[in-house]
A.B. asks: 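After the structure tokens below, expect a handful of questions from me.
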Amino acid sequence: MNNLLKRLSPFAPDLSGAVSVLYELGGLTVICDAGGCTGNICGFDEPRWFHKKSAIFSAGLRDIDAILGRDDKLIEKLQDAASKTNVDFTTLVGTPVPAVIATDFKALKRMAEKRTGLPSITIETTGTRYYDEGAEQAYLELFKTFSVEQLPVKKGSAGVIGATPLDFSNLEAEKNITVYLENRGWKNTTCYGMGSGLEFIKKASAVEKNIVVSPSGLKAAEYLKEKFGTPYITNIIPIPESLQKELYELKGKKILIIHQQVAANSVRDLILKKTEADITVASWFMLKESLMQEHDFRLTEEDQLKGILESGDYDVVIGDEIFRRVMKKYNGRFIDFPHFAVSGRLEK
């Protein structure tokens, strides 16, 4: 049965991915739920919640609101919250409730902009898909809405698309990425959504090149290339030193890497620069065809992973420690590579 998890904890859903992208951009985010989805995001899926403030609200939908589709009441709450907070834009994020009742998000966007006088974006997440799909929608909507002016290109500048704590399991991911890129000649780096505000989204056309660090950023990078001609590259991310030390001992091994696609590809590239190995990438999340190699594959259920590992085909598995729960009969070597969206673990 697809998406059945019996031993692993549920993965971060699409609405959590959307909120993660929006978290530091200075907007007011409204989760269109009764309260539970917002609690899950702030309590489990957003590690910055305990360190940085962000204006995230629940719509507080009740049965009668959903049944009657009382959008006017939702917009009244949105206007009231916006009037009491210093925000630059508003966002409405979908959950299973608006998905089931077919909420008209385009109409909500128009109503919100009219009542608040602020730009508004809507992210039509459903709570039934994974975090990367919500993040992908959020990046694309942000750039479409706010990156509208062609600016002079600054030489040596780079924009990083796809960096969130859900992907990198690190609250200082943007600092690590910036240092990594500076050591490779990029002297002016912006991580969109981490360590930077909305003004950098607005100036996206000024960067010389975009660097995509997770699959969720690829569609936005393609959009910026089409609109402004900004080229992009992938598979350039810093690998934790603790992981790097173990990669140099894998000569001749058959290796399975389980993570988000760009991170896994980057680990594969690093191994192959140092030694020869037979490496396959697998992911529970998006696998972009342009970034895949021949034997890479998508994971869809727990028993699938269990069967693959128990077959004895792989000498080494690189992935989050939580996968050990389905590896009781696996006799090979396991190397930990945390993925917050999977386990809720940050790097040590």
Side-chain angles (χ1 to χ4, degrees), residues 17-27 29 87-91 105-106 109 113 118-125 132-164 167-168 173-175 177-238 260-263 265-266 286 288-291:
V19 172
S20 189
V21 173
L22 298 162
Y23 194 84
E24 297 183 33
L25 295 178
T29 302
V87 295
D88 298 317
F89 66 100
T90 67
T91 305
F105 276 93
K106 290 182 179 178
K109 172 184 170 71
E113 290 181 336
L118 297 170
S120 180
I121 62 174
T122 56
I123 314 294
E124 297 189 44
T125 45
D132 53 338
E133 295 190 41
E136 181 179 68
Q137 289 184 53
Y139 282 123
L140 190 58
E141 287 301 315
L142 282 165
F143 287 113
K144 282 185 174 181
T145 303
F146 297 108
S147 302
V148 295
E149 184 180 1
Q150 178 73 68
L151 300 171
V153 174
K154 297 179 180 178
K155 293 295 183 181
S157 62
V160 177
I161 311 177
T164 73
D167 290 287
F168 285 89
E174 80 279 5
K175 295 180 181 178
I177 292 170
T178 297
V179 170
Y180 183 79
L181 293 177
E182 285 180 349
N183 291 336
R184 284 153 181 77
W186 298 98
K187 300 304 181 185
N188 186 1
T189 302
T190 299
C191 280
Y192 298 118
M194 280 196 84
S196 64
L198 186 65
E199 67 274 15
F200 292 94
I201 298 282
K202 293 179 178 179
K203 297 186 289 186
S205 62
V207 304
E208 183 178 359
K209 186 171 288 186
N210 284 316
I211 297 171
V212 178
V213 296
S214 70
S216 62
L218 187 60
K219 191 173 286 188
E222 290 170 346
Y223 169 77
L224 292 170
K225 181 178 181 180
E226 181 180 348
K227 185 173 179 65
F228 301 116
T230 311
Y232 67 86
I233 53 177
T234 63
N235 299 358
I236 300 179
I237 66 169
Q260 54 101 330
Q261 189 180 21
V262 173
N265 281 350
S266 299
M286 290 189 293
K288 299 293 187 178
E289 188 173 349
S290 61
L291 304 180

A.B. asks: Which atoms form the tightest heavy-atom contact between Ser157 and Ala206, and what is the distance?
C.D. replies: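 Minimum heavy-atom separation between Ser157 and Ala206: OG-O, 3.6 Å.
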A.B. asks: Report the distance from atom OG1 of Thr145 to atom CD1 of Ile201, rounding to the nearest 0.5 Å.
C.D. replies: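 The distance works out to 10.5 Å.
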A.B. asks: Please assess Ile123 against Glu141 for the test side-chain contact (heavy atoms from CB on, under 4.5 Å), listing each intermediate value before the final yes or no.
C.D. replies: CA-CA 8 Å; Ile123 314 294; Glu141 287 301 315; 4.0 Å; yes
A.B. asks: Taking all atoms of both residues into account, what is the closest heavy-atom pair of Trp186 and Ala158, and its distance?
C.D. replies: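 Taking every non-hydrogen atom into account, CE3-CB, 3.7 Å.
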A.B. asks: So, do Met286 and Glu136 sit near enough that their side-chain heavy atoms are less than 4.5 Å apart?
C.D. replies: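 Of all side-chain heavy-atom pairs linking Glu136 with Met286, at least one is under 4.5 Å.
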A.B. asks: What are the two closest non-hydrogen atoms of Ser266 and Ile237, and how far apart are they?
C.D. replies: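 Shortest heavy-atom separation between Ser266 and Ile237 comes out as OG-CG1, 3.4 Å.
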A.B. asks: Between Ser205 and Val148, is there a side-chain heavy-atom distance shorter than 4.5 Å?
C.D. replies: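 No, their side chains stay 4.5 Å or more apart.
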A.B. asks: Who passes side-chain contact (heavy atoms from CB on, under 4.5 Å) against Ser214, sequence neighbours left out?
C.D. replies: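 side-chain contact (heavy atoms from CB on, under 4.5 Å) check on Ser214 returns Asp167, Ser216, Gln260.
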A.B. asks: Does the side chain of Lys154 reach to within under 4.5 Å of the side chain of Glu208, using non-hydrogen atoms?
C.D. replies: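 Counting from C-beta outward, Lys154 and Glu208 never come under 4.5 Å.
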A.B. asks: If you take all heavy atoms of Thr164 and Met194, which pair is closest and at what distance?
C.D. replies: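 Minimum heavy-atom contact is CA-SD, 3.7 Å.
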A.B. asks: Are any of the side-chain heavy atoms of Phe228 and Ser147 separated by less than 4.5 Å?
C.D. replies: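 With C-beta onward as the side chain, the pair touches.
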A.B. asks: Identify whether the distance between the nearest side-chain nitrogen and carboxylate oxygen of Lys219 and Glu133 falls below 4.0 Å.
C.D. replies: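 No, no charged N to carboxylate O under 4.0 Å.
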A.B. asks: Could you grab the distance from atom CG of Leu151 to atom NZ of Lys202, nearest 0.5 Å is fine?
C.D. replies: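 Nearest 0.5 Å value for the CG-NZ distance: 12.0 Å.
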A.B. asks: How far apart are the closest heavy atoms of Leu291 and Asn265, and which atoms are they?
C.D. replies: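 Between these two residues, the closest heavy atoms are O-ND2, 3.0 Å.
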A.B. asks: Yes or no on ring-ring contact (aromatic ring centres under 6.0 Å, His included) for Tyr192 and Phe143, after CA distance, side-chain angles and deciding distance?
C.D. replies: CA-CA 10 Å; Tyr192 298 118; Phe143 287 113; 5.1 Å; yes
A.B. asks: Side chains of Asp88 and Leu118: closer than 4.5 Å at any heavy-atom pair?
C.D. replies: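 Side-chain contact under 4.5 Å: no.
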A.B. asks: Between Val19 and Thr29, is the side-chain contact (heavy atoms from CB on, under 4.5 Å) condition met? List the steps.
C.D. replies: CA-CA 8 Å; Val19 172; Thr29 302; 4.3 Å; yes
A.B. asks: Can you find a pair of side-chain heavy atoms, one from Val213 and one from Phe168, that are under 4.5 Å apart?
C.D. replies: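 They are in side-chain contact.
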A.B. asks: Roughly how far apart are Glu124 CD and Gln137 CD, rounded to 0.5 Å?
C.D. replies: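 Rounded to the nearest 0.5 Å, the CD-CD separation comes to 7.5 Å.
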A.B. asks: Would you compute the distance between atom CG of Leu218 and atom CD of Glu289 and round it to the nearest 0.5 angstrom?
C.D. replies: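 Here the interatomic distance stands at 11.5 Å.
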A.B. asks: Is there side-chain contact between Pro215 and Val262, with at least one heavy-atom pair below 4.5 Å?
C.D. replies: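 Counting from C-beta outward, Pro215 and Val262 do come under 4.5 Å.
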A.B. asks: Have Thr178 and Thr189 got a donor and an acceptor in their side chains that come within less than 3.5 Å?
C.D. replies: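 Checked: Thr178/Thr189 side chains show no N/O donor-acceptor pair below 3.5 Å.
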A.B. asks: Determine whether Ile211 and Leu181 satisfy the following criterion, side-chain contact (heavy atoms from CB on, under 4.5 Å), listing intermediate values before the conclusion.
C.D. replies: CA-CA 10 Å; Ile211 297 171; Leu181 293 177; 3.6 Å; yes
A.B. asks: Set out, in order, the CA-CA distance, both residues' side-chain angles and the distance that settles side-chain contact (heavy atoms from CB on, under 4.5 Å) for Asn210 and Val207, then state yes or no.
C.D. replies: CA-CA 7 Å; Asn210 284 316; Val207 304; 3.5 Å; yes
A.B. asks: So do Val160 and Thr190 actually touch side chain to side chain, heavy atoms under 4.5 Å?
C.D. replies: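 Answer no - side chains too far apart.
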A.B. asks: Considering non-hydrogen atoms only, spot the tightest contact between Ser196 and Cys191 and give its length.
C.D. replies: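 In terms of heavy atoms, the two residues are closest at OG-O, 2.7 Å.
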A.B. asks: Ignoring hydrogens and geometry, is there a side-chain-to-backbone donor-acceptor pair from Lys209 to Ile233 under 3.5 Å?
C.D. replies: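 Side chain of Lys209 to backbone of Ile233: no pair is present.
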A.B. asks: With a 6.0 Å cut-off on the ring centroids, do Phe146 and Phe89 count as close?
C.D. replies: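 Yes.
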A.B. asks: Which is it for Lys109 and Glu113 under the salt bridge (Lys or Arg N to Asp or Glu O under 4.0 Å) test, yes or no, and what are the steps along the way?
C.D. replies: CA-CA 6 Å; Lys109 172 184 170 71; Glu113 290 181 336; 3.4 Å; yes
A.B. asks: Got a second to check how far Ile161's CD1 is from Leu224's CG, nearest 0.5 Å?
C.D. replies: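 Rounded to the nearest 0.5 Å, the CD1-CG separation comes out at 5.0 Å.
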